[in-house]
Amino acid sequence: GPFDLGAQSERWAAFQERHRLSCEEAARLLLDAYEYRGLVKHTGGCHCGAVRFEVWASADLHVFNCNCSICTKKQNRHFIVPASRFKLLKGAENLTTYTFNTHRAQHTFCKTCGVQSFYTPRSNPDGYGIAPHCLDDGTVQTVVTEDINGKEWEKAVKEHKTIRDMSKP
């Protein structure tokens, strides 16, 4: 319903009209700008386009290069975000999941093209590991890659100062 914007009412109406936005669309922009200050909205997906997502993260990505058995086979490199900053836009029905060992990591991939554009990492089961190479062009400024010794996962995660908290809002 309507709400009182006080002295900002005219400015709000002009903004909506100028950008051709509904009240809900304008409010979403405002909330996103406030909640995700310093972050950019990246979009991406799998190769065939059946799976699409958006993720709020820095334009300067901190990417992990893990040498565990599955990451080595898949050449999996990823950055981690809280679940609240990730939104699957389409393709839930086209995803399938592979798990092994502890079954905590959820390796999701497209049933059609086989690309894993994101997954749920064992280190951060309340977040997502995003494959930077599956992001659309134009929003990433820099990429810093950090090697993680996933062959000795427990030791590596215990010694890493921040990896377990990367999915915290």
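The first residue in the sequence is number 1, and the count goes up from there.
A chain of hydrophobic side-chain contacts below 4.5 Å, direct or via other Ile, Leu, Val, Met, Phe, Trp or Tyr residues, connects Leu135 to Phe118. The cluster map of Ile, Leu, Val, Met, Phe, Trp and Tyr, joined by side-chain heavy atoms under 4.5 Å apart, puts Val55 and Leu61 in the same cluster. Under a hydrophobic clustering in which Ile, Leu, Val, Met, Phe, Trp and Tyr are joined whenever their side-chain heavy atoms come within less than 4.5 Å, directly or via other members, Tyr128 and Leu88 fall into the same cluster. Leu95 and Val115 sit in two unconnected hydrophobic clusters of ILVMFWY residues. Membership requires side-chain heavy atoms under 4.5 Å apart, directly or through other members.
The shortest distance between side-chain heavy atoms of Phe79 and His62 does not fall below 4.5 Å. No side-chain heavy atom of Val140 sits less than 4.5 Å from a side-chain heavy atom of Pro132. Under the 4.5 Å side-chain criterion, counting only non-hydrogen atoms from C-beta, Ile70 is not in contact with Asn76. Within the 4.5 Å cutoff, side-chain heavy atoms of Asn124 are placed close to those of Ile163. You'll find the side chain of Ser69 reaches within 4.5 Å of the side chain of Phe100, heavy atoms only. Counting heavy atoms from C-beta outward, Lys155 and Asn149 have side chains that stay 4.5 Å or more apart. Residues Val157 and Arg122 are not in side-chain contact: their nearest non-hydrogen atoms beyond the backbone lie 4.5 Å or more apart.
In summary, the aromatic rings of Phe86 and Phe53 are positioned with their centroids under 6.0 Å apart.
Between His160 and Phe64, the two ring planes are perpendicular [angle over 60°; tilted spans 30° to 60°]. Ring orientation note: the planes of Tyr98 and His107 are tilted relative to one another, at an angle of 30° to 60°.
The shortest non-hydrogen separation linking Gly91 to Val51 is O-CG2, 4.0 Å.
Residues satisfying the salt bridge (charged side-chain N to carboxylate O under 4.0 Å, His left out) criterion with Glu10, sequence neighbours excluded, are absent altogether. Residues forming a salt bridge (charged side-chain N to carboxylate O under 4.0 Å, His left out) with Lys151 (at least two apart in sequence, or on another chain): none. Take Asp136 and apply the salt bridge (charged side-chain N to carboxylate O under 4.0 Å, His left out) test, not counting sequence neighbours, and it matches Arg52.
A salt bridge does not link Glu152 to Lys158: none of the charged nitrogens lies less than 4.0 Å from a carboxylate oxygen.
Evaluation of the salt bridge (Lys or Arg N to Asp or Glu O under 4.0 Å) test over residues 67-82, restricted to residues two or more places apart or in two chains, returns none. For residues 94-121, the set of pairs meeting the salt bridge (Lys or Arg N to Asp or Glu O under 4.0 Å) definition, not counting sequence neighbours, is empty.
Annotation: the span from His103 atom NE2 to Thr97 atom OG1 amounts to 12.5 Å, rounded to 0.5 Å.
Other residues sharing a hydrophobic cluster with Val144 under the 4.5 Å side-chain heavy-atom criterion for ILVMFWY residues do not exist; the residue is a singleton.
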Practice item. Please report the C-alpha distance between Trp56 and Val81 in whole Å, then the side-chain angles of each, then the deciding distance to 0.1 Å, and finally whether the side-chain contact (heavy atoms from CB on, under 4.5 Å) criterion is met. Key: CA-CA 8 Å; Trp56 287 89; Val81 297; over 6 Å; no
